[in-house]
Number of protein chains: 2
Amino acid sequence: MHKEKIPKLTIPRLSLYYRALLESRESAFISSEELSKLTQFSAAQVRKDLTYFGEFGTPGKGYRIVELKEVILKILGTGRQRNIALIGAGNLGLALLAYRGFAVQGFRIVAAFDSNLSKIGKTFEGVLIRGMNELPQVVRNKNIEIAIIAVPANVAQEAVNKVIKSGITAILNFAPIRPKAPKGEEILNIDLSIELERLSYFLKRKSKKV
Amino acid sequence: MHKEKIPKLTIPRLSLYYRALLESRESAFISSEELSKLTQFSAAQVRKDLTYFGEFGTPGKGYRIVELKEVILKILGTGRQRNIALIGAGNLGLALLAYRGFAVQGFRIVAAFDSNLSKIGKTFEGVLIRGMNELPQVVRNKNIEIAIIAVPANVAQEAVNKVIKSGITAILNFAPIRPKAPKGEEILNIDLSIELERLSYFLKRKSKKV
DNA sequence: AAAAGATTGTGAATAATTTCACTTGACGCA
DNA sequence: TGCGTCAAGTGAAATTATTCACAATCTTTT
């Protein structure tokens with residue numbers, strides 16, 4: 001059994017390998033070299049990443065595509081549906097609600113919440129907007145495992161607190177703050193300003209190299 | 001002069017230091033220890049990050065907040081306005097257009113583009129939606145340095161190609177693909193599916209630890 | 001003016017991650 | 001069956017990033 005520690009970045013790479021596999025319908029097998037070409041990661045990286053979880057390849061041939069896809073699904077736990085609660089039904093929240101792009105992967109926003117009374121009770125994309133007070137029971141009833149935070153910065157920590165109290169442990173946060181949370185919670189931050197500032201830094205450096 | 005190579009993650013940390021500084025109005029000075037408390041990064045990390053760019057602190061006191069803020073702005077190149085082109089005026093695109101949150105940092109979407117004829121000519125949030133053919137001249141005229149890609153996956157590479165051809169070198173990509181681009185381009189990917197899959201992996205692991 | 005106290009800046013040590021390079025196993029063909 | 005080839009798996013090396021720990025230095029106090 002493999003006991004090595006798995007690098008953080010291995011997981012998103014697995015997602016990308018999976019995507020590449022979806023586009024590889026020509027052959028039954030794929031080599032780490034081919035996966036490397038498709039994903040821009042090195043072939044050694046591909047092999048290393050995969051062997052953290054087992055030995056799936058056959059020397060001389062490569063990886064059986066059908067099998068590898070199943071394996072990655074299993075590792076990521078995306079074989080089944082995962083229900084999501086959307087917190088915040090503003091512009092961004094509603095855009096995420098309308099974005100059905102990740103439904104294919106099994107993720108589904110099954111409930112939405114807002115504290116704005118004028119929104120509560122309305123339905124968008126077939127999803128009813130509820131008051132935050134309903135969060136705990138809806139999480140329980142609808143078997144919600146993930147929350148997406150799409151509220152303004154000034155109420156984001158409060159929203160995160162309520163989400164955690166409702167029993168959710170996996171959070172995707174779009175608010176431009178780093179929420180504080182107890183151990184055992186997994187919070188991923190998607191922070192527009194920070195990404196733009198990274199780009200700005202890149203532009204700055206570039207303009208200096210005359 | 002410092003010549004050490006700067007770790008990739010130093011830059012987003014600088015952004016977070018800056019944010020913390022905005023909230024530190026009590027005193028004129030702040031120590032790496034205090035910044036550590038505010039940002040969750042270690043004090044040594046704070047000092048290391050800052051010294052890549054110079055020596056800004058005074059032993060025994062810490063960093064002068066006003067000065068440090070200026071320094072970080074200068075490093076990141078966020079002291080001045082950066083103009084952005086939005087590619088794709090669908091749900092997500094329009095939500096980004098409406099999100100004025102990063103305007104304060106000097107980032108501004110000054111033009112929007114779509115290939116859907118029914119959208120071209122309309123105005124959202126004071127920004128006219130134009131056809132993609134207008135991209136090159138608008139980039140030139142409006143001094144646009146950054147593009148945000150918010151188009152469906154199947155046309156994203158094409159959009160990126162056009163953006164690059166128009167002379168833009170910094171791209172924030174929301175489409176669930178890894179665009180191919182020549183060297184010299186900086187592309188940051190914000191990929192919802194991948195983040196959700198990371199959360200799924202986390203949930204999977206968690207459920208195993210019984 | 002000296003001593004005490006605080007905190008920076010930084011080499012060195014450690015940790016994490018990726019790449020290298022080689023061994024081994026599987027397949028296909030003569 | 002045996003040989004050649006291909007590609008996985010993997011320790012070791014290299015690279016990258018973070019943490020440690022302490023000398024240097026500035027401030028404050030007495």
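Just so you know, these numbers come straight off a predicted model, no measurement behind them. Residue numbering restarts at 1 for every chain, and letters A, B, ... go by the order of the sequence lines.
- Distances from the side chain of Ser32(A) to the nucleotides dT10(D), dA8(D), dT7(C) place dA8(D) closest.
- Applying the side chain to side chain donor-acceptor pair (under 3.5 Å) test to pairs two or more places apart or on separate chains, none has a residue in residues 63-75 of chain B.
- Whole-Å rounding puts the Leu50(A) CG to dT18(C) C1' distance at 15 Å.
- Residue Phe29(A) contributes atom CZ, which lies 11 Å from atom P of dA8(D) at whole-angstrom precision.
- Out of dT18(D), dT18(C), dT17(C), the shortest distance to the side chain of Gln45(A) is found at dT18(C).
- Note: CZ (Phe53(B)) to P (dG9(C)) measures 14 Å, nearest angstrom.
- Applying the salt bridge (Lys or Arg N to Asp or Glu O under 4.0 Å) rule to pairs touching residues 79-88 of chain A yields Arg80(A)-Glu145(A), Arg82(A)-Glu145(A), sequence neighbours excluded.
- Comparing Glu33(B) and Phe41(A) by the nucleotide of DNA chain C that holds the closest heavy atom to each, the one mapping nearer the 5' end is Glu33(B).
- For Leu73(B), the side chain to side chain contact (heavy atoms under 4.5 Å, CB included) test picks out Tyr18(B), Thr78(B), with sequence neighbours left out.
- For the pair Leu14(A) CG and dT17(C) P, the interatomic distance rounds to 14 Å; values are reported in whole Å.
- In this structure, Arg13(A) does not reach the dT17(C) phosphate: none of its side-chain N or O atoms is under 4.0 Å from OP1 or OP2.
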(request) Do nucleotides 20-30 of chain C as a string where each nucleotide becomes B, S or -: B if the base has a protein heavy atom under 4.0 Å, S if just the sugar-phosphate does, - if no protein is that close. (result) BB---BSS---

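- For Pro12(A), the side chain to side chain contact (heavy atoms under 4.5 Å, CB included) test picks out Leu9(A), Ile194(B), Arg198(B), with sequence neighbours left out.
- Phe29(B) places none of its side-chain heavy atoms less than 4.5 Å from the side chain of Ile65(B).
- Contacts classified as side chain to side chain donor-acceptor pair (under 3.5 Å) and involving residues 157-172 of chain B (residues at least two apart or in different chains) are given here: Gln157(B)-Asn161(B), Glu158(B)-Lys162(B).
- Atom P of nucleotide dT10(D) and atom CZ of Phe56(A) are separated by 11 Å, given to the nearest angstrom.
- At least one side-chain nitrogen or oxygen of Tyr63(A) sits closer than 4.0 Å to the OP1 or OP2 atom of dG9(D).
- Counting only residues at least two apart or on different chains, no salt bridge (Lys or Arg N to Asp or Glu O under 4.0 Å) pair has a member in residues 30-40 of chain A.
- Nearest nucleotide to the Lys8(A) side chain, out of dA17(D), dT17(C), dT19(C): dT17(C).
- An angle of 0°, rounded to 10°, separates the two end axes of the helix from dA1(C)-dT30(D) to dA30(C)-dT1(D), each defined over five pairs.
- Every pair passing salt bridge (Lys or Arg N to Asp or Glu O under 4.0 Å) that includes a residue from residues 175-189 of chain B is listed here, sequence neighbours excluded: Arg178(B)-Asp191(B).
- Using a 4.5 Å heavy-atom cutoff, the side chains of Ile171(A) and Pro179(A) are not in contact.
- Residue Thr10(A) is out of contact with every strand shown, counting any heavy-atom pair closer than 4.0 Å.
- For the pair Tyr52(A) OH and dA8(D) P, the computed distance is 16 Å after rounding to whole Å.
- When distances are taken from the side chain of Glu55(B) to each of dT10(C), dT17(C), dA8(D), the shortest belongs to dT10(C).
- If you take CG of Asp49(B) and C1' of dT10(C), they are 14 Å apart, rounded to a whole angstrom.
- Rounded to whole Å, the distance from CD1 on Ile11(A) to C1' on dT17(C) is 14 Å.
- Side chains of Leu94(B) and Asn91(A) form no contact here, defined as non-hydrogen atoms less than 4.5 Å apart.
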